[in-house]
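Written out below as structure tokens is the structure these notes cover.
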Amino acid sequence: LLFPNTIFMDIMGLPRADADLFQHWETEILHTGYAEPGAQERQMDAMIAVSGYFAELITERRREPRADLLSTALSWRIDGEAIPDDDMLAFCLLMFMAGLDTVAAQLAYSFWHLATHDDDRRRIAADPGLIPTAMEEFLRYYAFVTPGRKVMRDTTISGCPVPAGTMVFLPIASANRDPREFDRPDEVIIDREINRHIAFGAGPHRCLGSHLARQELRVAFEMWHERIPEYRLRDGAE
């Protein structure tokens, strides 16, 4: 968690000393089980806290810009108009939700796989040149994002009526296991040559941070296996 967290703090121009606080908010919002006592209250408290943090930061950066992403974003214009504070706050919250959790989650899935599949781990450690293709295969196989879309008009999907206003959740992992697109789709093949996955989405909804995410993942795999080529998952570890 520390690796993507620190990168996010640096890009946004935030003090690294606040990294633990941001991680706490992220965990409360995204990883609190709904069945836990007081879960919704904790999630709401964390969202209010992070919103207040960014609202104050936006005011500060408008007054005294710095060499960071937020200050740059505050200089943007849409149709000649400055971006309103509410929209800038939404931008900050999106960066927060996407920037802290996604790379950490992908690294968790990838290292879980390597710690439980000795042959794949040893191949990567012995030949770091496999890392780019292996990384794409982990993105394909362990795609974890489930984007939601609101249905704008009554429609039918595969015989199922879906009324307007319904939220539909679309697990990207399903498309990435499509046998019409991928040979042996339910296997992890770390040297898979043709891999047109959509782990980062597609079209106008494609992830703007995909290039940064790939760089972070690659650095993590390379640096880890250069130093720790042999490892396993401890029995009983979650």
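On a predicted model such as this, the values are computed, not experimentally measured, just so you know.
- Rounded to the nearest 0.5 angstrom, Ile11 CD1 and Thr6 OG1 are separated by 11.0 Å.
- No more than 12 heavy-atom neighbours from other residues, nucleotides or ligands sit within 6.0 angstrom of CZ on Arg153.
- The pair Arg218-Glu136 does not meet the salt-bridge criterion, since no charged nitrogen lies less than 4.0 angstrom from a carboxylate oxygen.
- When each of Phe22, Tyr53, Trp25 is checked for a ring-ring contact (aromatic ring centres under 6.0 Å, His included) with Phe96, only Phe22 meets the rule.
- Using a 4.5 Å heavy-atom threshold, the side chains of Pro128 and Ile131 count as touching.
- In this structure, Ile228 places its CD1 atom where more than 12 heavy-atom neighbours from other residues, nucleotides or ligands lie under 6.0 Å away.
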Take Thr133 and Asn195 through the side-chain contact (heavy atoms from CB on, under 4.5 Å) test and state the conclusion after the steps.
-> CA-CA 9 Å; Thr133 54; Asn195 197 344; over 6 Å; no

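- Counting only distance, with no hydrogens or angles, the side chain of Asp127 and the backbone of Gly129 share a donor-acceptor pair below 3.5 Å.
- Side-chain contact between Asp10 and Ile7: absent, with no pair of heavy atoms (C-beta onward) separated by less than 4.5 Å.
- Between the CZ atom of Arg61 and the CE atom of Met12 there is a distance of 9.0 Å, given to the nearest 0.5 Å.
- Under the ring pair (Phe, Tyr, Trp, His ring centres under 6.0 Å) criterion, Phe182 pairs with no residue, sequence neighbours left out.
- The shortest distance between side-chain heavy atoms of Leu107 and Glu216 does not fall below 4.5 Å.
- The shortest side-chain heavy-atom distance between Phe138 and Tyr109 does not fall under the 4.5 Å cut-off.
- Both Ile78 and Phe91 are assigned to one and the same hydrophobic cluster, defined by single-linkage of ILVMFWY side chains at heavy-atom distances under 4.5 Å.
- Remark: Asp119 CG to Leu114 CG distance equals 11.5 Å, nearest 0.5 Å.
- Each of Val188, Ile189, Ile190 was scored for a side-chain contact (heavy atoms from CB on, under 4.5 Å) with Arg192, with one residue passing: Ile189.
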Could you walk me through whether Asp118 and Arg121 pass salt bridge (charged side-chain N to carboxylate O under 4.0 Å, His left out), step by step?
-> CA-CA 5 Å; Asp118 292 343; Arg121 186 188 72 251; 2.8 Å; yes

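- Remark: Leu74 CG to Arg63 CZ distance equals 12.0 Å, nearest 0.5 Å.
- Hydrophobic cluster membership differs between Trp76 and Leu94, with clusters built from Ile, Leu, Val, Met, Phe, Trp and Tyr side chains linked at under 4.5 angstrom.
- More than 12 non-hydrogen atoms from other residues, nucleotides or ligands lie less than 6.0 angstrom from CD of Glu60.
- Residues Val145 and Phe169 are members of separate hydrophobic clusters, defined by side-chain heavy-atom contacts under 4.5 angstrom among Ile, Leu, Val, Met, Phe, Trp and Tyr.
- Contacts of Ala17 classified as side chain to side chain contact (heavy atoms under 4.5 Å, CB included), with partners at least two apart in sequence or in another chain: none.
- Looking only at side-chain heavy atoms (C-beta outward), Arg232 and Thr116 stay at 4.5 Å or farther from each other.
- Of the options Gln106, Glu137, His113, a side chain to side chain donor-acceptor pair (under 3.5 Å) to Tyr142 is made by His113 and by none of the others.
- Applying the side chain to side chain contact (heavy atoms under 4.5 Å, CB included) test to Ala199 and every residue at least two apart in sequence or in another chain returns Leu139, Ala143, Asn176, His197.
- A side-chain N or O of Gln23 and one of Asn5 form a donor-acceptor pair less than 3.5 Å apart.
- Counting non-hydrogen atoms of other residues, nucleotides and ligands closer than 6.0 Å to CZ of Arg196 gives a total of 12 or fewer.
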Test log, rule side-chain contact (heavy atoms from CB on, under 4.5 Å), inputs Arg140 and Ile198 | CA-CA 7 Å; Arg140 179 193 73 85; Ile198 58 168; over 6 Å; no

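- Side chains of Thr156 and Val162 form no contact here, defined as non-hydrogen atoms less than 4.5 Å apart.
- Checked by atom type, the side-chain pair Tyr141/Asp186 shows no donor-acceptor distance below 3.5 Å.
- A ring-centre distance under 6.0 Å is found for Phe111 and His225.
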List the steps and the verdict of side-chain contact (heavy atoms from CB on, under 4.5 Å) for Met135 and Arg214.
-> CA-CA 8 Å; Met135 180 181 73; Arg214 281 189 166 102; 4.2 Å; yes

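- No more than 12 heavy atoms of other residues, nucleotides or ligands shown are found within 6.0 angstrom of CG on Asp20.
- When all heavy atoms are compared, the tightest approach of Asp154 to Pro163 is OD1-CA, 3.3 Å.
- Residues Phe8 and Val219 share a single hydrophobic cluster, defined by chaining ILVMFWY side chains whose heavy atoms lie under 4.5 Å apart.
- Side-chain contact between Glu226 and Met223: present, with at least one pair of heavy atoms (C-beta onward) separated by less than 4.5 Å.
- Contact record, Leu89 with Ser51: CD1-O, 3.7 Å, taken as the closest heavy-atom pair.
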Might you work through the side-chain contact (heavy atoms from CB on, under 4.5 Å) test for Ile124 and Phe221, ending with a clear yes or no?
-> CA-CA 9 Å; Ile124 284 177; Phe221 290 138; 5.7 Å; no

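- The distance from the SG atom of Cys92 to the CG atom of Leu57 is 6.5 Å, given to the nearest 0.5 Å.
- Met152 and Leu170 fall into different hydrophobic clusters, where Ile, Leu, Val, Met, Phe, Trp and Tyr side chains are chained together by heavy-atom contacts under 4.5 Å.
- Two residues are said to be in side-chain contact when any heavy atoms from C-beta on lie closer than 4.5 Å; Met47 and Glu28 fail this criterion.
- At a threshold of 4.0 Å, the pair Arg66-Asp68 does not count as salt-bridged, since none of the basic side-chain nitrogens sits closer than that to a carboxylate oxygen.
- Rounded to the nearest 0.5 angstrom, Thr59 OG1 and Glu56 CD are separated by 7.5 Å.
- For Gln43 (side chain) and Ile29 (main-chain N/O), a donor-acceptor pair under 3.5 Å exists by modelled atom type.
- Within 6.0 Å of the NE2 atom in His31, the count of heavy atoms belonging to other residues, nucleotides or ligands exceeds 12.
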